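I'd like to ask you about the structure that follows.
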Number of protein chains: 2
Amino acid sequence: MATIKDVAIKAGVAISTVSAVINRSAPVSEDVIARVEAAIATIGYLPHGAAKALRSGNSRLIGVILPDITNPFFSMVARVIETVCMKAGYMTFVYNTDEDPEHEMRILQMMRMQRVAGMILISTRSDAAHGRRLMAAINVPTVLFGSNVEGTPYDVITLDDRKAGALAIDHLVELGHRRIAIIAGRPGVSTHDERLAACIEALQRHGIVLDEDLIIAADFVQQLAFEAGQKLLARADPPTAIFALSNLMLIGAMRALLAAGKTCPRDLSLVGIGDFDWPEIMSPQMTVVATPAVAMAEFAIGALLDEIDSKRPPAGKRTLFAPELIIRGSSAAVSIEEPLRDPLAI
Amino acid sequence: MATIKDVAIKAGVAISTVSAVINRSAPVSEDVIARVEAAIATIGYLPHGAAKALRSGNSRLIGVILPDITNPFFSMVARVIETVCMKAGYMTFVYNTDEDPEHEMRILQMMRMQRVAGMILISTRSDAAHGRRLMAAINVPTVLFGSNVEGTPYDVITLDDRKAGALAIDHLVELGHRRIAIIAGRPGVSTHDERLAACIEALQRHGIVLDEDLIIAADFVQQLAFEAGQKLLARADPPTAIFALSNLMLIGAMRALLAAGKTCPRDLSLVGIGDFDWPEIMSPQMTVVATPAVAMAEFAIGALLDEIDSKRPPAGKRTLFAPELIIRGSSAAVSIEEPLRDPLAI
DNA sequence: TGTATGACTCGAAACGTTTCGTGCAAGCGC
DNA sequence: GCGCTTGCACGAAACGTTTCGAGTCATACA
């Protein structure tokens, strides 16, 4: 490969002059610029990224760490981040943690080796111990996304998870449901903890006594949610509604319903968190608490690039995005054996 | 950040010795290894990726270029590649082209700047002109994936697209369909050209006269397939079956069907290429020609790493993966107004 | 006992850039 | 006409590694 030296020779100027032309970092006369650019074009020179990064101390690399790129929510987030970064002259490294905190730490190491200029981190744990490990492993501007982590100084962008939980429960209660099952994620992850806490609070607010057996943690994985759904449906007194705390777990629950030969919403109402790209191809169409993925991702990467450019320390600011309840066909008034709050709803 | 020099000082050895310990590239005595490792641990030293890459001439970076990571097929491919690369000590750069060849070339440039050791390229065009541009822009081991490109020396991994087209048409014809519409991609892309050619050939083989109006190119985009579906359904003599040549276009067609208030498969059969993760949540469940995404991706990255390690020039070998017809509820025997080939099929 | 061998360690050069101090010439004000 | 500034170009050092030739020491062998 051609180097900057080859360009310099070809153009008959010094190496530093070529550098000045490429980066427009110093005044260069018109005709020298022309000569250098011609030399670059004929030689086919492309700067060496690693050499640039080494010398300038600026890799112009952004790390994106997320649980699983095959989850449509995360792939959309990654997509948005990539687009914004590209415009700003950064490249992105996208890596999957598989919800494994050990793997998360390993990826963090790799990011540090690459000397990334900043990171968007969708962490798999939220507890303070994990927060401390994170702080020890992170030495660049970082924005936490999607889930919160206790006791870190970084900016945090999340859904208003409490509101999301309340929105769904309120909706189901209004439809007359009182035996509401919840397929939850994993204790110790803020998206689980906060959404679940909000659900419980909402249930109590409506005067519904909590049945612990109706709450099953499914680790945010589709298959476990499927099994949880089966367990719930096999009960002597099955719930009249299931609320799944993530998009994949909603799919798991729906599969359980189908496998059991039940009809939604006649036999059971189903609500989830996180919308789908083409809701109409599912049957029934899913009532969900939608997460504004694109807006959140744009905000997060904007905040990160800001922090990098301004060289300001993180403000430790938490930004919540409002969820939106989208009512579709999967939720309906509870069937008549149950007491109805609103007779018109049937 | 600590450098290798700091480690050397702390351990009381030479820089080159530290390097030898880290890379196990030369014999080092036990106690020196211990001292160096202790120094690394206490200082918290992590090698500088860019410096390593610059000096060694080996970035240990693999570029993955694909149309759109939010397409589940591609996100799964990216996932598999990432996992395999990680095990082999490579990191991956994943980039989206948005089916734009100009953007593809720009990304290729970025990859070259990063001096990637190899690339998996899912190109957006297949013609010879594009092939020439590619060859001018690629100077590292590369494996073409998913779609073929004319006249390049690289290895190519694709679905057996001809077989995929034939499989679907044969299936529909066996069900008695004779007015079969095809929602195609874009001329000049091998996944379009070969699949469509196979369809036409299969139709002729079955003695069906080709109706050009029933073939609509939708550029592989979901929304255009939706519009194509609407157009087809609005005809005075609508087709009895639609075959969509990609997963997203199948969804578009299905949406058109739903929007028109038609019932599948009663009013119309629907078949696509590329399977879905949870086929049961769609209604009806889709009959598809499934693409073995994981196996193909594993093979592709394996071939690439092989080529890199062996320093062999590309063999220019084309590997086809067999598609599999998965019959589900979206395809059925044509309704009785049409002549049936097999009366039992109804 | 001398020498060849092998195991280990070291120092310095090199990878391809950016950056900074220096030099030179021309333009300006006085 | 003189000194100052300004615009432009240059050379060399530095970024953090790897690599390679050379040096040291102990061991084994003749």
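Residue numbers start from 1 in every chain, and the chains themselves are labelled A, B, ... in the order their sequence lines are given, proteins ahead of strands. Just so it is clear, the values below take in all heavy atoms, side chains as well, and ignore hydrogens, waters and symmetry mates. All values reported here derive from a predicted model rather than from experimental measurement.
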Looking at dT18(D), does its base get a donor-acceptor pair with the side chain of R55(B) below 3.5 Å?
yes
Check every atom of dT17(D), dA9(D), dC10(D) against the side chain of Y45(B) and return the nucleotide holding the closest atom.
dT17(D)
Rounded to the nearest angstrom, tell me the gap between atom CD1 in I4(A) and atom P in dA9(D).
15 Å
Measure from CZ on R112(A) to C1' on dG16(D) and round the result to the nearest Å.
16 Å
Interatomic distance, M113(A) CE vs dC15(D) P [rounded to whole Å]
21 Å
Are OP1 or OP2 of dG16(C) and a side-chain N or O of K52(A) less than 4.0 angstrom apart?
no
Of the listed dA12(C), dC10(D), dT9(C), the closest approach to the A14(A) side chain comes from dC10(D)
From dA12(C), dG16(C), dT17(C), nucleotide with atom closest to L54(B) side chain:
dG16(C)
Length of the CD-C1' vector between Q114(A) and dG16(D), whole Å
14 Å
Regarding Q114(A) and S59(A), is there a side-chain donor-to-acceptor distance under 3.5 Å anywhere?
no
Nearest listed nucleotide, side chain of T3(B), among dG16(D), dC8(C), dG11(C):
dG16(D)
Charged N to carboxylate O below 4.0 Å: is that the case for D155(A) and K317(A)?
no
Has S56(B) got a side-chain N or O lying under 4.0 Å from the OP1 or OP2 atom of dT19(D)?
no
Counting heavy atoms from C-beta on, name the nucleotide in dT19(D), dA9(D), dC8(C) closest to the side chain of P27(B).
dC8(C)
Compare the minimum distances between each of dT17(D), dC8(C), dT18(D) and the side chain of N23(B), then state the nucleotide with the smallest one.
dT18(D)
CE-CG distance between M91(B) and L61(B), expressed to the nearest 0.5 angstrom:
7.0 Å
How many whole angstroms separate atom CE of M1(A) from atom P of dG16(C)?
10 Å
Between C1' of dT17(D) and CD1 of I40(B), the distance in whole Å:
13 Å
Select from D31(B) and A51(B) the residue whose nearest nucleotide in DNA chain C is closer to the 5' end of that strand.
D31(B)
Between P on dG11(C) and NZ on K5(B), what's the gap in Å once rounded to a whole number?
12 Å
Tell me: CD1 of I15(B) to P of dT9(C), nearest whole Å?
16 Å
From the list E104(B), E102(B), E150(B), salt bridge (Lys or Arg N to Asp or Glu O under 4.0 Å) partner of R133(B) resolves to E102(B)
On DNA chain C, nearest-nucleotide positions of H48(A) versus E30(B): which is more 5'?
E30(B)
Is S19(B) near enough to dT18(D) that one of its side-chain N or O atoms lies under 4.0 angstrom from OP1 or OP2?
yes
Are OP1 or OP2 of dT19(D) and a side-chain N or O of S25(B) less than 4.0 angstrom apart?
no
S29(A) and D31(A): side-chain donor and acceptor closer than 3.5 Å?
yes
Regarding S29(A), tell me which of base, sugar-phosphate or nothing describes its non-hydrogen contacts under 4.0 Å with the strands shown.
sugar-phosphate
Could you tell me if N58(B) and S56(B) have a donor-acceptor pair between their side chains, going purely by distance under 3.5 Å?
no
State whether T17(B) places a side-chain N or O below 4.0 Å from either non-bridging phosphate oxygen (OP1 or OP2) of dC10(C).
yes
